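Being a predicted model, the structure only gives us computed values, none of them experimental.
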Amino acid sequence: MTTNNSGCSYCLGIESTADDFGAAVVSFDGKVLSNANDAYTPKKGGIHPREAARHHAEVAEKVLAEAFETAAVKPRDISLVAFAQGPGLGPCLRTGATAARALASYLDVPLVGVNHCVGHIEVGKLATGAKDPVTLYVSGGNTIISAFEAHRYRIFGETLDIAIGNCLDVFARAVGLQQKKGAPFGAIVEQLALKGEKLVSLPYTVKGMDLSFSGLLTAAVSAFQSNNGSIEDVCYSLQEVAFSMLTEVTERALAHTEKPEVLLTGGVAANKKLQSMLTVIAEEHDARFCVVPLKLAADNGAMIAWAGILAYKSGITTPLDKSYVDVKWRLEEVYAPWVEAQLC
Ligand code: AMP
Ligand code: MG
């Protein structure tokens, strides 16, 4: 393993599962030295995978240079390259994987393919000090309630259709909300919801431990279009119903597992209303509520670097001929021996 003059080892992490291209340098002892990012913003509608991939290829050099410069680390001081291997959009994943393979080969350092969902969980644990949480991971592409059990992060509940972040984004676009200064649509819905007063009737769909948001999305758009409530009231109601569903399933996972912490991670973790609802259930179950800091909430390279470091330290690397991307790589398929070591 290569180390720089100070004896420290560094990992370069590359994230490119969807709209974000991120690159970060993280030290092996868990310091995030840089976390550069450039997001693809579609001119109209949702993410177009090939257009997003083209964006990533165009910005990769700039984002990587920024990651090294901010960290004040030279490429030759890198000991490990980690990349998001899945799940995600194929063309986007392949762009990041290609950059990661090229860099690892050129620098002659090991490569580690990281599961994107594991990245969100591990960076949340790193930033909050959570050791063994029930995790609610909510983002534009995923909605998963999980906890660690017997070598793997087990999925206790998940969305059956669209992710909660996608539900908020599609709703916002459908009712004509405008993004100001690049604020995410979910944050715009959150601000409007603060002014809502009337609870509009919307479908609440929890099936066993799984959730469905597509009917809720359709009903919220149609409530607004048929003047059933003001935009503030519909945003308020959409959040109330969607976040109650998430809170219910998280609470049941907590009651079942009796874990000592609840961790909220992913881009939607920025939402204060969701944070407050989870705080209540955590208190009721004597668990500590932990939320990932805003700068590490949405997709980012630091979470990939940190999860890569944990895997590498427990002996896991990804040979080049096994570094193909897996668009449907599920969380519970990941063998995670480092977690048992953390729990000792
Ligand atoms: P990620 O997929 O992890 O990069 O997160 C992006 C998602 O987070 C998008 O769906 C955003 O709309 C959503 N998001 C960001 N900020 C907020 C917020 N304050 N409330 C709800 N959703 C948010
Ligand atoms: Mg994103």
Side-chain angles (χ1 to χ4, degrees), residues 1-4 6 8-40 52 55-86 88 92-93 95-104 106-107 109-128 137 139-140 265-267 269-270 292-313 317-318 323 338:
M1 180 195 301
T2 55
T3 52
N4 76 348
S6 65
C8 213
S9 302
Y10 303 106
C11 175
L12 172 72
I14 297 178
E15 156 63 31
S16 72
T17 53
D19 56 338
D20 292 289
F21 185 87
V25 176
V26 176
S27 65
F28 271 40
D29 58 356
K31 291 192 187 68
V32 177
L33 303 179
S34 64
N35 204 8
N37 189 71
D38 195 307
Y40 151 79
H55 160 271
H56 296 349
E58 281 166 12
V59 302
E61 190 183 339
K62 179 199 79 169
V63 176
L64 284 159
E66 189 187 328
F68 284 116
E69 198 180 314
T70 308
V73 166
K74 295 200 165 44
R76 66 166 182 274
D77 290 332
I78 292 294
S79 309
L80 180 68
V81 174
F83 71 103
Q85 198 170 5
C92 301
L93 284 166
T95 307
T98 304
R101 280 184 212 111
L103 277 163
Y106 178 71
L107 298 171
V109 297
L111 183 69
V112 180
V114 167
N115 179 287
H116 176 85
C117 312
V118 169
H120 275 289
I121 296 172
E122 291 301 348
V123 87
K125 287 165 62 183
L126 172 71
T128 64
Y137 160 39
S139 72
T265 193
V292 72
L294 190 57
K295 59 181 191 302
L296 295 171
D299 299 343
N300 64 84
M303 68 187 207
I304 301 302
W306 179 237
I309 290 168
L310 293 171
Y312 178 72
K313 281 182 173 173
T317 56
T318 307
S323 66
W338 62 87

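- The shortest distance between side-chain heavy atoms of Phe68 and Ile78 falls below 4.5 Å.
- Take Lys31 and apply the side chain to side chain donor-acceptor pair (under 3.5 Å) test, not counting sequence neighbours, and it matches Asp29.
- Residue pairs meeting the side chain to side chain donor-acceptor pair (under 3.5 Å) criterion with at least one partner in residues 58-67, sequence neighbours excluded, are Asp38-Lys62.
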Indicate every side-chain donor-acceptor pair of residues 113-125 with a distance under 3.5 Å to a residue at least two apart or in another chain.
unit_1, atom_1, unit_2, atom_2, d
Asn115, OD1, Cys117, N, 2.9
Asn115, OD1, Val118, N, 3.2
Asn115, ND2, Trp329, O, 3.3
His116, ND1, Glu15, OE1, 3.0
His116, ND1, Thr17, OG1, 3.4
His116, NE2, His120, NE2, 3.2
His116, NE2, Tyr137, OH, 3.3
His116, NE2, Asp299, OD1, 3.2
His120, NE2, Asp299, OD1, 2.9
Glu122, OE1, Lys125, NZ, 3.4
Glu122, OE2, Tyr153, OH, 2.5
Glu122, OE2, Trp338, NE1, 2.8
Lys125, NZ, Tyr153, OH, 2.8
Lys125, NZ, Gln342, OE1, 2.8

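- Using a distance-only test at 3.5 Å, with no hydrogens or angles considered, no donor-acceptor pair links the side chain of His56 to the main chain of Gly22.
- Closest approach of Ala270 to Leu294, counting heavy atoms only: CB-CD1, 3.4 Å.
- Between Ile309 and Cys11, the shortest heavy-atom distance links the atoms CG1-CB, 3.5 Å.
- Minimum interatomic distance between Ser323 and Leu111 (heavy atoms only, all atoms of both residues): CB-CD2, 3.9 Å.
- For the residue pair Ser16 and Ala84, the shortest heavy atom distance occurs at N-CB, 4.3 Å.
- The line from CE of Met303 to CG of Leu126 is 13.0 Å long, rounded to the nearest 0.5 Å.
- Scanning both residues, Ala67 and Ala23, for their nearest heavy atoms gives CB-O, 3.5 Å.
- Within the 4.5 Å cutoff, the side chain of Leu103 has heavy atoms near those of the Leu64 side chain.
- Pairing each heavy atom of Asn300 with each of Ala302, the nearest pair is OD1-N, 3.1 Å.
- Note that the CG atom of Asn37 and the OG atom of Ser34 stand 11.5 Å from one another [nearest 0.5 Å].
- Between Leu12 and Val73, every side-chain heavy-atom pair lies at or beyond the 4.5 Å cut-off.
- Val109 is not listed as a side-chain neighbour of Leu80, based on a closest heavy-atom distance of 4.5 Å or more.
- Rounding to the nearest 0.5 angstrom, the gap separating the CD1 atom in Ile14 from the CD atom in Gln85 is 13.0 Å.
- Using bins of under 30°, 30° to 60° and over 60° for the plane-to-plane angle, the ring pair Tyr312/Phe28 lands in the perpendicular bin.
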